[in-house]
Novice: 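So that we are looking at the same thing, I have put the structure below in structure tokens.
A, B, ... follow the sequence lines: proteins, then strands. Residue 1 opens every chain. We use all heavy atoms of the structure for the numbers below, so side chains are in, but hydrogens, waters and symmetry mates are not.
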Protein chains: 2
Amino acid sequence: MARKVETTPRKSASQERSRATVDALLEATARVLINDGYDQASTNRIAEVAGVSIGSLYQYFPNKESLVAAVIDRHTQEISEVTRKALVKMAASPIETAARAFVSVAIDGHRVNPKLHGVLAEQIPRVGRLENIEANIQQGYAFVRGYLEAHRDEIDVADLDLAAFILVTVVEALTHAAVLRRPDILSGEKAEQFVDDVARMVVSYLRA
Amino acid sequence: MARKVETTPRKSASQERSRATVDALLEATARVLINDGYDQASTNRIAEVAGVSIGSLYQYFPNKESLVAAVIDRHTQEISEVTRKALVKMAASPIETAARAFVSVAIDGHRVNPKLHGVLAEQIPRVGRLENIEANIQQGYAFVRGYLEAHRDEIDVADLDLAAFILVTVVEALTHAAVLRRPDILSGEKAEQFVDDVARMVVSYLRA
DNA sequence: ACAAAATACAAGTGATCGCTCATAATTGTA
DNA sequence: TACAATTATGAGCGATCACTTGTATTTTGT
């Protein structure tokens, strides 16, 4: 039942030249995914866009899935770099401040590479070892769960687990939809009202 | 740029026998989508599962996309049958009652055929003329927008458009995630707490 | 300078896909 | 019963896909 697919690199690129090849392949994969969608992203096409032979592609990636997985890893790492500091700083803040910060961080994360993010979230087959995105959300879930426990006395909800689920799902869905489908909501001064509204909703939920 | 794909039936089935064939094809498509996922759902496989020749499939559906579109139509119609009455009844209710009802309706809708719903929402390519699901959400959006306008005096938010976007996105995301990924949250007496929490969040957002 | 290791190349393989078409079987009509 | 319309069949076509393999080129180490 479980189809095992290797997603680790076939060989590590040690020389400067090969590192450039790997980079070109990752860049091309992201470009093709964004411009043509997952279905059109054939390995032959990716190699062509990268200016690299199909043979070279398979020198460094054992299969198509590993190539996409590498792009996902790179993207989640970029998001992490943008959001990590803010999350750490947030941990000690009271609910009102933390809620606003959390929403802002979620927006920033979705703004790292919105088009790529959209493709990864909506078009990548959920099977296989491509659940790196899922893992990322799970990480945010753990963080929120920890925050709620630490601030137990400021919170009125009965079930912290349920609250964490609701908070993560709500903020992720709202920022995702706003950045990708309603960018007008986040343009100019409107952005502040969006953050205000969502943060207020979250806070008033936690305080019964 | 715009690739036009016909999604209407190639010919309408007039006899009893052919209607059964069409039905078997739709049923098989849903089954294959659920069991094997979109990528494995080849027309050859669907015809085989339906116990119908590949030629017959193309008598009634001009292409694969139209077949999937028909399954989506059928599914959205089933959801509509479940939810329509409740939505109409909800229109005259005050916020507290309406909010609870809205969340309940969303859950019922997602429970019509959860596995199929998950595949349709997560695996179907967003390109082409398969935005029927999108249209369904848009319909819910229009309904909420109308409700908010009708109950303008009970509401404290400044931007009704933003509020409608937030409400629809939040309730859709929460019920979707709960039904498909956290069914434990909706089992037994826990379900009531979930509805309570979400409804309370929604109401406290609308009343500043 | 030169051999070995690393890297790059691209034609080609087998499998699968969506879909067609010539033909056969069934059903409605007279 | 006879004929036309409808429906069903499935071998197979051309295209595309992920991926292999044998060979050529470049870089490294000495």
Novice: Among the candidates C:dA8, D:dT20, C:dG18, find the nucleotide nearest to the side-chain atoms of B:Lys64.
Specialist: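 Taking heavy atoms from C-beta onward, the closest nucleotide is C:dG18.
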Novice: Hey, are the side chains of B:Phe102 and B:Val202 touching, using non-hydrogen atoms and a 4.5 Å cut-off?
Specialist: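 With C-beta onward as the side chain, the pair stays apart.
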Novice: Are the side chains of A:Leu162 and B:Lys190 in contact, using a 4.5 Å heavy-atom criterion?
Specialist: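 No; the side chains remain at least 4.5 Å from each other.
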Novice: Please determine whether a side-chain nitrogen or oxygen atom of A:Thr43 lies at a distance below 4.0 Å from atom OP1 or OP2 of D:dA18.
Specialist: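 It does, given that an N or O in the side chain of A:Thr43 lies less than 4.0 Å from OP1 or OP2 of D:dA18.
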Novice: Calculate the interatomic distance between A:Leu25 atom CG and D:dA18 atom P; express it in whole Å.
Specialist: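 Distance check: A:Leu25 CG to D:dA18 P gives 14 Å.
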Novice: To the nearest angstrom, how far is B:Gln15 atom CD from D:dA4 atom P?
Specialist: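 The answer, rounded to whole Å, is 17 Å.
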Novice: Taking for each residue the nucleotide of DNA chain D bearing the nearest heavy atom, is the 5' side occupied by B:Gly55 or by A:Arg17?
Specialist: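 Result: B:Gly55.
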Novice: Would you kindly give the CG-to-C1' distance between A:Asp39 and C:dT16, to the nearest whole Å?
Specialist: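 Rounding to the nearest Å, CG of A:Asp39 and C1' of C:dT16 are 15 Å apart.
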Novice: Heavy atoms from C-beta onward define the side chain here; which of C:dA10, D:dT9, C:dG28 lies closest to that of A:Ser53?
Specialist: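 Per side-chain heavy atoms of A:Ser53, the pick is C:dA10.
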Novice: For A:Gln40 and D:dA15, give me the distance from atom CD to atom C1', rounded to whole Å.
Specialist: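 Going from CD in A:Gln40 over to C1' in D:dA15 covers 13 Å.
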Novice: Can you tell me how far C1' of C:dT16 sits from OH of B:Tyr38, to the nearest Å?
Specialist: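 Computing the B:Tyr38:OH to C:dT16:C1' distance gives 15 Å.
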Novice: Starting at the 5' end of DNA chain C, which residue's closest nucleotide do you reach first, B:Glu16 or B:Ala41?
Specialist: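 Nearest-nucleotide comparison on DNA chain C picks B:Ala41.
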Novice: Give a yes/no on whether any side-chain N or O of A:Tyr58 is located under 4.0 angstrom from OP1 or OP2 of C:dA8.
Specialist: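 A:Tyr58 to C:dA8 OP1/OP2: no side-chain N or O under 4.0 Å.
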Novice: Among the nucleotides D:dG12, D:dT7, C:dA10, which one has an atom lying closest to any side-chain atom of B:Asn44?
Specialist: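 Looking only at side-chain atoms, B:Asn44 lies closest to D:dG12.
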Novice: Could you work out which one of C:dC9, C:dA8, C:dC17 sits closest to the side chain of A:Val52?
Specialist: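 When the side chain of A:Val52 is considered, C:dC9 is the closest of C:dC9, C:dA8, C:dC17.
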Novice: If you only use heavy atoms from C-beta on, which nucleotide in D:dA18, C:dC19, C:dA8 is closest to the side chain of B:Asn63?
Specialist: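 Ranking D:dA18, C:dC19, C:dA8 by closest atom to the B:Asn63 side chain puts C:dC19 first.
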Novice: How long is the line joining CD of A:Gln59 and C1' of D:dT26, in whole Å?
Specialist: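 Rounding to the nearest Å, CD of A:Gln59 and C1' of D:dT26 are 13 Å apart.
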Novice: Verify the contact: side-chain N or O of A:Ser42 to OP1 or OP2 of D:dT16, cut-off strictly under 4.0 Å; return yes or no.
Specialist: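 For D:dT16, neither OP1 nor OP2 has a side-chain N or O of A:Ser42 closer than 4.0 Å.
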Novice: Measuring only between side-chain heavy atoms, which start at C-beta, is B:Val144 closer than 4.5 Å to B:Leu148?
Specialist: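 Yes, close enough: below the 4.5 Å cut-off.
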Novice: Contact class for B:Ser56 (heavy atom, under 4.0 Å): base, sugar-phosphate, or nothing?
Specialist: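 Result for B:Ser56 = base.
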Novice: Within this structure, what is the CD1-to-C1' distance between B:Ile54 and C:dA24, rounded to whole angstrom?
Specialist: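 After rounding, the reported distance stands at 18 Å.
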Novice: Which value, rounded to the nearest 0.5 Å, describes the distance between B:Ile79 atom CD1 and B:Arg84 atom CZ?
Specialist: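 If we round to the nearest 0.5 Å, B:Ile79:CD1 and B:Arg84:CZ are 13.5 Å apart.
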Novice: If you compare every side-chain N and O of A:Thr21 against the phosphate oxygens of C:dA8 (OP1, OP2), does one of them come in below 4.0 Å?
Specialist: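 Answer yes for this pair, as a side-chain N or O of A:Thr21 is under 4.0 Å from OP1 or OP2.
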Novice: In whole angstrom, give the distance that lies between atom CG of B:Leu57 and atom C1' of C:dC21.
Specialist: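 Answer to the nearest Å: 15 Å.
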Novice: Distance from B:Leu57 atom CG to B:Ile46 atom CD1, nearest 0.5 Å?
Specialist: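 B:Leu57 CG to B:Ile46 CD1: 7.0 Å, rounded to 0.5 Å.
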